Q: 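Mind having a look at this structure? Questions to follow.
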There are 2 protein chains.
Amino acid sequence: MQSRNQRPSTSGRAHRLSRETIRDAAQQILRDEGPQNLSMRRLAKEMSSTPMALYHHVRDKGELLMLLLDAHAESFPRPDLPEEPRERLLASAQLLHDILADCPWIVEVLTSDSFVSVSALWIVESLIDSAIRCGLTQEDAVYVYRVIWYYTIGELTVRFRRERALSETKGTPQRERTMAALNAEELPRLAHLGSRWGELAAADNHRRGLEAIVEGLLAQGRGRRPEPAAADPTPPPGRARAVDG
Amino acid sequence: MQSRNQRPSTSGRAHRLSRETIRDAAQQILRDEGPQNLSMRRLAKEMSSTPMALYHHVRDKGELLMLLLDAHAESFPRPDLPEEPRERLLASAQLLHDILADCPWIVEVLTSDSFVSVSALWIVESLIDSAIRCGLTQEDAVYVYRVIWYYTIGELTVRFRRERALSETKGTPQRERTMAALNAEELPRLAHLGSRWGELAAADNHRRGLEAIVEGLLAQGRGRRPEPAAADPTPPPGRARAVDG
DNA sequence: ACCTGAACACCGTTCAAGT
DNA sequence: ACCTGAACACCGTTCAAGT
């Protein structure tokens with residue numbers, strides 16, 4: 001509590017714009033008002049500046065969000081991952097998920113690229129590496145990553161969207177629409193879905209699905225490549241190499 | 001070619017608004033200009049009307065998208081699903097995916113509810129039912145559905161977002177940003193990801209992941225509830241035939 | 001180089017009238 | 001009941017200047 005009170009707000013002077021100050025202000029808005037309130041205009045106002053000034057430092061909103069994702073990934077505590085390949089694979093996937101679980105804007109970042117920030121690439125590497133050490137080919141290992149990525153992104157997308165929808169209509173009886181049909185007469189089995197959907201859906205449940213996915217994919221990999229190195233009998237033109245670029 | 005040319009366009013008379021005509025006009029815009037061009041204003045213009053007129057027939061844009069999703073699901077050919085539980089589970093999940101694969105707006109619909117249209121609920125029921133007949137508890141069966149749903153939604157989200165990003169910047173050298181780092185120096189393993197990401201990623205690859213997920217989840221279920229009722233040899237997971245379509 | 005004011009081309013949604 | 005015009009409260013981004 002030394003010299004940091006209220007500086008980026010209405011003081012209106014002495015803070016030149018830079019990627020760092022822009023990023024900090026954006027983080028503050030994210031913290032205080034949520035991701036749906038982070039816009040270039042709102043951000044400019046927060047910094048007592050104009051929208052265009054921002055475009056002098058970041059190419060567009062997508063780059064700004066990337067910046068935020070990167071900073072978050074970098075600041076995230078970097079745990080020791082287990083050595084045992086399967087455990088390491090699981091832990092990497094879980095870490096990827098946990099990092100993104102704090103980033104509701106990941107849903108929008110996917111607009112620009114379908115991929116995670118550079119600061120988190122080591123996790124992806126670790127994940128793919130572990131899969132290879134579990135006995136998969138490189139190609140299959142990448143595939144494992146992809147399936148995990150889809151699962152992760154899907155869970156987070158659904159979660160964040162629902163959270164946003166709930167916060168927008170604070171308890172208003174508008175969450176019916178399709179959900180109503182679920183709790184309805186002739187679909188008793190599905191009522192289950194509607195009622196507890198996402199209630200305890202967070203960390204534990206994610207892990208459980210992760211384990212199943214990894215289990216299934218590793219088994220698949222073992223099935224396709226039953227010998228350490230015989231003659232690699234996979235010549236059918238199915239999905240060969242296609243190096244291209 | 002009888003009486004259908006140009007009717008909903010600039011003729012400007014004789015077609016009262018209704019949920020049906022609104023839906024049809026929306027489908028046309030979707031077909032001709034893509035989902036990013038479907039807005040209430042654009043739609044009103046297409047119908048030579050005003051935005052507010054639409055709000056007399058649909059509550060908001062979310063409901064309109066739901067309408068579209070529902071119509072699509074209803075018109076989708078309803079195949080015979082296999083009887084054998086595991087195959088039926090897989091086929092249900094694949095069908096869910098295939099239906100949604102034609103609906104780029106699913107990504108936006110998730111804003112409103114995290115769930116699929118009523119016209120497709122029978123698929124969800126079939127899926128959960130199959131999982132139960134595979135020996136899972138109802139709770140675990142619902143969990144299977146959920147994991148599959150996340151995987152499906154994740155894949156489609158990533159796919160549609162990427163497609164949109166590519167079509168917006170038609171070949172412009174803007175797809176770098178994070179992707180650039182992938183093909184870069186010190187990450188040779190990840191170059192794999194960048195280059196072929198999503199190229200053949202469509203149907204076949206989805207099915208493969210689905211099989212792995214189901215395999216893993218069923219094994220998990222068996223582990224927790226070790227009484228298999230002695231009537232389920234589960235033929236080796238050699239991914240059968242892949243009837244495709 | 002860094003920033004501003006004004007504009008462009010949009011959004012979803014609501015209000016207050018019109019018929 | 002059904003529809004309109006105008007407005008509210010926003011977007012991301014660009015243009016043409018300013019210093």
Side-chain angles (χ1 to χ4, degrees), chain A residues 8 11-22 25-26 29-30 33-68 105 107-112 161 164-165 167-170 172 174 177, chain B residues 8 11-22 25-26 29-30 33-68 105 107-112 161 164-165 167-170 172 174 177:
Chain A
S11 66
R13 289 261 284 82
H15 64 303
R16 297 193 131 355
L17 298 189
S18 72
R19 287 170 79 88
E20 286 71 37
T21 56
I22 288 173
I29 293 175
L30 247 16
E33 302 168 50
Q36 71 273 44
N37 283 75
L38 178 61
S39 71
M40 298 303 267
R41 299 173 107 103
R42 174 74 190 78
L43 183 52
K45 199 161 279 174
E46 181 74 20
M47 306 190 81
S48 325
S49 183
T50 65
M52 248 321 276
L54 303 176
Y55 285 90
H56 236 269
H57 298 91
V58 297
R59 189 199 328 237
D60 53 23
K61 199 188 178 185
E63 196 185 73
L64 172 63
L65 294 176
M66 232 33 167
L67 216 61
L68 291 167
W105 65 92
V107 176
E108 274 176 79
V109 171
L110 280 177
T111 311
S112 329
R161 297 277 194 200
R164 176 179 302 207
S167 81
E168 264 166 15
T169 70
K170 274 222 189 79
T172 319
Q174 197 245 37
R177 231 152 16 222
Chain B
S11 68
R13 286 260 289 76
H15 64 303
R16 295 193 130 0
L17 298 189
S18 73
R19 288 169 79 87
E20 287 70 36
T21 57
I22 289 174
I29 293 176
L30 246 17
E33 302 168 50
Q36 71 273 42
N37 283 75
L38 179 63
S39 71
M40 298 304 267
R41 299 172 107 103
R42 174 73 190 80
L43 183 53
K45 197 161 283 173
E46 182 74 21
M47 306 191 81
S48 325
S49 182
T50 64
M52 247 323 275
L54 303 176
Y55 285 92
H56 237 266
H57 298 91
V58 297
R59 189 201 326 239
D60 54 22
K61 198 189 178 186
E63 196 186 71
L64 171 63
L65 293 176
M66 230 36 166
L67 217 60
L68 290 167
W105 64 92
V107 175
E108 276 176 77
V109 170
L110 280 176
T111 312
S112 330
R161 297 278 197 200
R164 177 180 300 208
S167 81
E168 264 166 15
T169 70
K170 272 223 190 78
T172 319
Q174 198 244 39
R177 224 139 39 213

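Everything quoted here is computed from the prediction, not taken from an experiment. Letters go in sequence order (proteins before strands), and every chain restarts at 1.
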Q: B:Met40 vs B:Val58, test: side-chain contact (heavy atoms from CB on, under 4.5 Å). Steps then yes/no.
A: CA-CA 11 Å; B:Met40 298 304 267; B:Val58 297; 4.0 Å; yes
Q: For DNA chain C, what dot-bracket results from Watson-Crick or G-U pairs at under 3.5 Å, with [ ] for crossers and | for inter-strand partners?
A: ||.|||||...|||||.||
Q: What pairs with B:Arg41 under side-chain contact (heavy atoms from CB on, under 4.5 Å), at least two apart in sequence or on another chain?
A: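 Here the qualifying residues are B:Ser39, B:Pro51.
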Q: Within the structure, does a side-chain N or O atom of B:His57 lie under 4.0 Å from either OP1 or OP2 of D:dC3?
A: yes
Q: Apply side-chain contact (heavy atoms from CB on, under 4.5 Å) to residues A:Val109 and A:Leu68 and explain how you reach the verdict.
A: CA-CA 10 Å; A:Val109 171; A:Leu68 291 167; over 6 Å; no
Q: Does a side-chain N or O of B:Ser49 approach OP1 or OP2 of D:dC3 to a distance below 4.0 Å, or not?
A: no
Q: Quick one, give me the B/S/- string for nucleotides 12-19 of chain D, reading 5' to 3', where B means a protein heavy atom under 4.0 Å from the base and S means that only happens at the primed atoms, P, OP1 or OP2.
A: BBBB----
Q: Regarding A:Glu108 and B:Arg161, does a basic nitrogen lie under 4.0 Å from an acidic carboxylate oxygen?
A: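 Not counted as a salt bridge, because no side-chain N and carboxylate O are separated by less than 4.0 Å.
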Q: Walk me through whether A:Glu63 and A:His57 qualify under side-chain contact (heavy atoms from CB on, under 4.5 Å).
A: CA-CA 10 Å; A:Glu63 196 185 73; A:His57 298 91; over 6 Å; no
Q: Tell me every residue that passes side chain to side chain donor-acceptor pair (under 3.5 Å) with A:Glu33, counting only those two or more places apart in sequence or in another chain.
A: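 Scan of A:Glu33 (side chain to side chain donor-acceptor pair (under 3.5 Å), adjacent residues dropped) gives A:Arg42.
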Q: Determine, stepwise, if the pair A:His56 / A:Leu17 fulfils side-chain contact (heavy atoms from CB on, under 4.5 Å).
A: CA-CA 9 Å; A:His56 236 269; A:Leu17 298 189; over 6 Å; no
Q: Expressed as a whole number of Å, how far does the P atom of D:dA9 sit from that of C:dA9?
A: 24 Å
